[in-house]
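These values consider heavy atoms only, across backbone and side chains, with no hydrogens, waters or symmetry-generated copies.
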Amino acid sequence: MTLTNQLVWKRHASFLTVAALAAFYYDPVLAAACYILIALTEVLDERLGRESAAWDGVDSSVGDSILRRIGRNTALSATAISIFVISLALQQTSGGHFTPLFFLFSASLFAAMYNSQMMSVLLLRLSIYGVAFLVIAFLDIIRFFPPLDSHVWLDFFTIMLVLYFLADISLKFYQNYQKQLEQLKLIREENERTKAAYEIKSQFLSTVSHELRTPLTSLKASLDLVNKGALGEVPEHLKRAIGIAAKNGETLAVLIDDLLDLQRIEAGEMKFRFKPVNVNDLVTEAVESTADFAAKLGIQVTITPCVEDGRINGDPSRLIQVMNNLLSNALKFSEAGSTVNVRVETLGSRIRVSVEDTGVGIPEGAKERVFGKFTQVDSSDIRKVGGTGLGLNIAKQIVERHDASIDYVSELGVGTTFFLDFDRLEDTQHERGSLQAPAKVA
C-alpha cells in the first residue's frame, strides 16, 4: 500500500509539471481542465488501492468488483492523458511534437514498469496510449501531405519505433514479473519445507532427549551406588572401568540437558521469571554451587564483590545456569593450584560480572566457535577438555533474553576473562519490582 501511494504521487508530480509547462506555453484553460480530470483519476486510483489492500481475498465478488472499477478508472485516466497530449500536439503547428510525445512516452514507460503485475490493466492503458501515439503520428501527415523525404515522415517512422520499443519493454517487464512470482513461490515452498524439517528436528530432539533421560538416570544412580560401595566392595580391577562409566554417564546427562535447553530456546518455550536480583548474592550462590568441582581440581575461586548496591532485572535460575557454565569452563581450562576470580563492578548505568582465569587462553578469530552450536575451540579428537559445544551458545541466548551482552578477552598462555554486562536497576525500579507479586514470565 505504501509503495502504491509513492508511485501515485510520483506520477502525479510529473503530471503537475507537464500541466504547468502547458499552461505557460500553450492554452492555460485547457491545461487546467485536463490536469483536474487526471488528478481526479489519481484520487480514484488511491482509493481503489486502499480497497484492494483491505480486501481479504476470500470473497471473489468483491475482488471482481474492485478489478472492474480499476479497469474503468484505468481507461478514464489513460483517455484523459491521451486527450491532454493530443491537445498539445494540435496547438503545435511547427517544430514537431517533442513535448507531448515525451509526456506520452513517460506515461507509457511508467505503466510498463509499475503495472506489469496486472496484464489486462497494462494492455488497456498501453492500447489507449498507442492510439494517442498514432493520432499524433498521423497529425502532420494529414495536415501537410508531405513527400516521403520530408522530416514529417521521419518523425512518423520514429514514433513507430518508439511504439515497438514500448511494446517490447512492456513484455520484458511482464516476463520479469512472472519470473519473480515463480521465484517467490519457490522460496515460500522451500520455507515451508524448512519449517517442517525444523519442526521434525525439534520434536526428534525433544523425544530422544526425554526418552534417554529416564534410563540414564537409573544407570547413573546404579553406578553411584556401586562407586560408594553400597552394593558391596568393588574389586580393584573394576574400579577404573566403573569410574569411567560414571564419568561418561555424567557427560551424557549434561548433553541431554543442553539439547533440551537448546530445543526449548529455539522453539520459544524456555520460561523466564524476571525479578530484581542482587548480583553479589547471585555470584556467591554460583561459586558455592561449583565449590566441590573446584576443590576436586585443586583450584581456588575468589569473589571480588561490588561495593555499591548492584541489582539487575533477571531470572535467578537461568543466570545461575550461565554463571555455572562460565565457572565450569574457567576451572576446566585452568591448571591445578591456580585461581579463578569472579568480579562484580558497576560501570555507570551498567553492571559487569567477570570470570577471570589464568588458563590456556583462546586464540584470535575463534569467537564464532566459542559461541557456536556443537563447536569447540579445540575440536581435535585428542582435546584435553571435553564438552557438548552447546554451553556457551545457550548462555549467550539466555543473556540476550535479559537484554544483556556476553563477550570475552583472552591471550594465549595468559588467561581468559568472560564478562556479562547488564542494565543496572535504579532505586525506584527496586521498589517497583519488589511490589510486583507474581514474577513476570517471558
Side-chain angles (χ1 to χ4, degrees), residues 1-19 22 31-88 100-136 162-185 188:
M1 183 61 191
T2 302
L3 178 60
T4 301
N5 289 335
Q6 290 176 351
L7 297 178
V8 168
W9 282 110
K10 285 180 181 179
R11 191 168 61 192
H12 184 72
S14 66
F15 294 158
L16 179 60
T17 302
V18 174
C34 290
Y35 171 72
I36 291 172
L37 181 58
I38 294 170
L40 287 175
T41 62
E42 293 299 305
V43 172
L44 289 175
D45 268 345
E46 186 177 356
R47 182 179 298 175
L48 287 169
R50 287 199 298 268
E51 290 185 22
S52 298
W55 179 45
D56 57 10
V58 177
D59 191 342
S60 59
S61 61
V62 175
D64 292 339
S65 174
I66 293 174
L67 184 59
R68 285 194 299 270
R69 290 161 61 196
I70 289 175
R72 288 195 296 268
N73 195 63
T74 297
L76 180 61
S77 172
T79 301
I81 293 171
S82 298
I83 291 173
F84 185 31
V85 296
I86 291 173
S87 69
L88 295 182
L101 285 172
F102 180 75
F103 178 42
L104 193 56
F105 174 80
S106 300
S108 302
L109 191 60
F110 194 97
M113 292 171 62
Y114 298 113
N115 294 143
S116 55
Q117 69 274 21
M118 300 178 67
M119 191 60 179
S120 59
V121 173
L122 175 62
L123 286 175
L124 176 61
R125 185 176 287 275
L126 290 182
S127 297
I128 297 173
Y129 289 162
V131 172
F133 269 111
L134 292 174
V135 170
I136 296 173
V162 169
L163 282 174
Y164 171 78
F165 169 77
L166 286 172
D168 182 65
I169 198 172
S170 299
L171 180 61
K172 291 294 190 296
F173 275 118
Y174 176 74
Q175 291 173 340
N176 287 337
Y177 177 73
Q178 293 303 314
K179 288 181 181 177
Q180 290 174 2
L181 284 181
E182 187 64 28
Q183 290 173 353
L184 183 60
K185 181 182 177 182
R188 286 174 175 168

Testing the basics here: between [X] and [Y], what is the closest heavy-atom pair and its distance to 0.1 Å?
{"X": "Gly71", "Y": "Leu124", "answer": "O-CD2, 3.3 Å"}
{"X": "Leu126", "Y": "Ala111", "answer": "CD2-CB, 4.4 Å"}
{"X": "Ala31", "Y": "Ala19", "answer": "CB-O, 3.8 Å"}
{"X": "Ala22", "Y": "Leu88", "answer": "CB-CD2, 3.5 Å"}

Under a 3.5 Å distance rule, please check whether Ser77 uses its side chain to pair with a backbone N or O of Asn73 as donor and acceptor.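 No.
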
Between Lys172 and Asp168, is the salt bridge (charged side-chain N to carboxylate O under 4.0 Å, His left out) condition met? List the steps. CA-CA 6 Å; Lys172 291 294 190 296; Asp168 182 65; 3.2 Å; yes

Leu134 side chain reached by Leu163 side chain, heavy atoms, under 4.5 Å: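 Yes; the side chains approach each other to less than 4.5 Å.
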
To the nearest 0.5 Å, what is the distance between [atom1] ([X]) and [atom2] ([Y])?
{"X": "Leu123", "Y": "Thr74", "atom1": "CG", "atom2": "OG1", "result": "11.5 Å"}
{"X": "Leu76", "Y": "Leu37", "atom1": "CG", "atom2": "CG", "result": "5.5 Å"}
{"X": "Asp64", "Y": "Arg69", "atom1": "CG", "atom2": "CZ", "result": "12.5 Å"}
{"X": "Phe102", "Y": "Leu109", "atom1": "CZ", "atom2": "CG", "result": "9.5 Å"}
{"X": "Tyr35", "Y": "Leu40", "atom1": "OH", "atom2": "CG", "result": "10.0 Å"}
{"X": "Phe133", "Y": "Ile128", "atom1": "CZ", "atom2": "CD1", "result": "13.5 Å"}

Parallel, tilted or perpendicular: rings of Phe84 and Phe103 (30°, 60°):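 Because their plane-to-plane angle is over 60°, the rings of Phe103 and Phe84 count as perpendicular.
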
Taking it one step at a time, do Leu166 and Tyr129 satisfy side chain to side chain contact (heavy atoms under 4.5 Å, CB included)? CA-CA 10 Å; Leu166 286 172; Tyr129 289 162; over 6 Å; no

